Amino acid sequence: MKNIKHRDEYSRDWLLRAAEAEDRVTSFSVGGLAADVGWLDAGSIAPAPILARFIELARRARNLTLESLAVRAEIDLAELVGVTEARQQPTPRTVYRLSQVLDVSAENLMELAGLAEPRAELAQAALRFAARSEPTVELSEEERNALNEFVKVLVDKSDD
Amino acid sequence: MSFRVIQLLEPPENKLVEAKLIDTLKPHDLELVERAWTPERDRLLREYLLRGIDRRAYPQSLHWRWDKKARHLRELQARATGILVGDAWQGVMLTKSATQFARLQPDRGKPLVYIDYIEAAPWNLNLPDIGQQRRYRGVGPVLVREAILQSQREGFHGRLGLHSLPQSEHFYTGCGMTGVERDAAKQNLLYFEMTREAATRYMENEVSAT
């Protein structure tokens, strides 16, 4: 394991001033209140927003309706809608079927869905894609370029 | 594991203490965090119960379990960062990149780094009700600074977003963030945003301490 050690740059004065904000509160915690499902549904996996955006843009790029994509992939329309709205975690079968219809690697799509451990290179490609695409009705030229670049990474069917 | 050397303050003299900042925590690390923090959470809870203090005054993150949050690290855009003094974790943060977009002008609609969870170690909470002063100062400010650096590295110009627990709102106001709106979908928590200008001011220490 590689150790990289270098000093971060801020002064004691910076720290003293910045810490004044900390002194005004009990804590600086961010997250859920006691009703937070985070400790109640520990076994579940959060929906994957980048997967949702990818499926949505790939669908629109093919001029497919949600219904026609569901029919082609032989998956439940309600599940597809839930996945594209990042409300629902897809099942492994659904991810596999979508990878077939969208012609990308099932393994990569599984990682994107959070169903397999992600690799660093795919994470970087996904991040670039997410940063360059936004949920609009028409695919802009930039979105299309972002989609095409991301598909190049996803299409690597090393699992085939 | 790579790390950067940082410094915290140790009250009451505000002596500088060397620490390590690590931004590549794995699920196993979060399990170790919780293993160390759970007995301390229990200790705090006992103190509150013994004093008969109203539950509404308890630290609002006392129920958290970082080992249960490890599942978030399966998401491609998630990153966990922690601060170590010796072998003790002093604070931990979970961020996600480009999953949320700025709500404030001039960058409305552009991606930002979202702080999903952030928490100090139980001994670093400021709890006058049970007579506890924090062991180290600066954990929160340094983690926010790190989130800004992460945002800058990813080309988001320091933009941050988060939903603050009510007990923490003054901290984020003090950091120069803007309380934008309460989100019904997020337990009605107040959504805060750091604009790129506010991030620059924060890094340059021009934030008002009043």
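So you know, we letter chains A, B, ... as the sequences are listed, proteins then strands, and number each from 1. Keep in mind it's a predicted model, so treat the numbers as computed, not measured.
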Asks: Using the test ring pair (Phe, Tyr, Trp, His ring centres under 6.0 Å), find all partners of B:F192 that sit at least two apart in sequence or belong to another chain.
Replies: none
Asks: Please give me the minimum heavy-atom distance between B:C175 and A:A21, naming the atom from each residue.
Replies: N-CB, 4.4 Å
Asks: Counting neighbours of OH on B:Y48 that are heavy atoms of other residues, nucleotides or ligands and sit closer than 6.0 Å, is the number greater than 12?
Replies: yes
Asks: For a quick test of reading the model, state the closest non-hydrogen atom pair linking A:A19 to B:G138 and the distance between them.
Replies: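 A:A19 and B:G138 have their closest heavy atoms at CB-N, 4.3 Å.
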Asks: Where on A:D13 is there a heavy atom nearer than 4.5 Å to chain B: the side chain, the backbone, both, or neither?
Replies: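 For A:D13, backbone heavy atoms alone lie under 4.5 Å from chain B.
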Asks: Decide yes or no for B:R137 and A:L16: does some side-chain heavy atom of the first lie under 4.5 Å from some side-chain heavy atom of the second?
Replies: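 Yes; the side chains approach each other to less than 4.5 Å.
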Asks: Suppose we screen for salt bridge (Lys or Arg N to Asp or Glu O under 4.0 Å). Which residues come up paired with B:D67, at least two apart in sequence or across chains?
Replies: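 B:D67: salt bridge (Lys or Arg N to Asp or Glu O under 4.0 Å) contacts with B:R65.
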Asks: Let me know if B:L8 has heavy atoms under 4.5 Å from chain A in its side chain, its backbone, both or neither.
Replies: backbone
Asks: Does any heavy atom of chain A fall under 4.5 Å from the side chain of B:Y58, the backbone, both, or neither of them?
Replies: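 Looking at B:Y58, nothing touches chain A.
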Asks: Check each atom of B:V144 against the heavy atoms of chain A and say whether the ones under 4.5 Å are side chain, backbone, both or neither.
Replies: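 The answer is neither part of B:V144.
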Asks: If I measure from the heavy atoms of chain A, does B:N14 come under 4.5 Å with its side chain, its backbone, both, or neither?
Replies: both
Asks: Please determine whether the number of non-hydrogen atoms from other residues, nucleotides or ligands lying under 6.0 Å from atom CZ of A:R72 exceeds 12.
Replies: no
Asks: Is the CZ atom of B:R35 crowded by more than 12 outside heavy atoms at less than 6.0 Å?
Replies: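 Incorrect, the count does not exceed 12.
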Asks: Side chain, backbone, both or neither: which part of B:H170 has a non-hydrogen atom closer than 4.5 Å to chain A?
Replies: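 When you check distances to chain A, atoms from both the backbone and side chain of B:H170 fall under 4.5 Å.
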Asks: With a 6.0 Å cut-off (strictly less than), is the heavy-atom count around CD of A:E67, excluding the residue itself, greater than 12?
Replies: no
Asks: Below 4.5 Å, heavy-atom pairs only: which of B:A57, B:S97, B:A70, B:P128 has the largest tally toward chain A?
Replies: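 Most heavy-atom pairs within the cutoff with chain A belong to B:S97.
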Asks: Without swapping roles, check the side chain of B:S168 against the backbone of A:V30 for a donor-acceptor pair under 3.5 Å.
Replies: no
Asks: Does the side chain of B:N126 reach to within under 4.5 Å of the side chain of A:T26, using non-hydrogen atoms?
Replies: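 B:N126 does not reach A:T26 side chain to side chain.
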Asks: For A:W14 and B:R145, what are the C-alpha separation, side-chain angles and deciding distance, and is it a side chain to side chain contact (heavy atoms under 4.5 Å, CB included)?
Replies: CA-CA 11 Å; A:W14 183 92; B:R145 189 176 187 279; 3.3 Å; yes
Asks: Is the CD atom of B:Q133 crowded by more than 12 outside heavy atoms at less than 6.0 Å?
Replies: no
Asks: Just checking B:R56: does its CZ atom have more than 12 heavy atoms from other residues, nucleotides or ligands closer to it than 6.0 angstrom?
Replies: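 No, CZ of B:R56 has 12 or fewer neighbouring heavy atoms, counting only those of other groups under 6.0 Å.
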Asks: Return the option, out of B:D116, B:L127, B:D129, with the maximum number of heavy-atom pairs under 4.5 Å with chain A.
Replies: B:D116
Asks: Check whether any side-chain heavy atom of A:R12 lies under 4.5 Å from a side-chain heavy atom of B:Q7, and answer yes or no.
Replies: no
Asks: How many angstroms lie between CG in B:L149 and CD in A:E9, if you round to the nearest 0.5 Å?
Replies: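 Going from the CG atom of B:L149 to the CD atom of A:E9 covers 10.5 Å.
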Asks: Nearest 0.5 Å, please: how far is CG in B:L165 from CZ in A:F28?
Replies: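 CG of B:L165 is found 11.5 Å from CZ of A:F28.
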Asks: Counting only heavy atoms closer than 4.5 Å, note whether B:Q132 contacts chain A via side chain, backbone, both or neither.
Replies: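 Contact with chain A: none, neither part.
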Asks: Find out whether A:S27 and B:F171 are in side-chain contact, i.e. whether some heavy atom of one side chain is under 4.5 Å from a heavy atom of the other.
Replies: no
Asks: Just wondering, more than 12 heavy atoms not from B:D54 lying within 6.0 Å of its CG?
Replies: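 Yes - once you tally the heavy atoms of other residues, nucleotides and ligands closer than 6.0 Å, there are more than 12.
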Asks: In sequence, state the C-alpha distance, the side-chain angles, and the governing distance for B:W64 and A:S29, and then conclude on side chain to side chain contact (heavy atoms under 4.5 Å, CB included).
Replies: CA-CA 10 Å; B:W64 287 4; A:S29 297; 4.0 Å; yes
Asks: How many angstroms lie between CG in B:N124 and CD in A:E22, if you round to the nearest 0.5 Å?
Replies: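 Going from the CG atom of B:N124 to the CD atom of A:E22 covers 7.5 Å.
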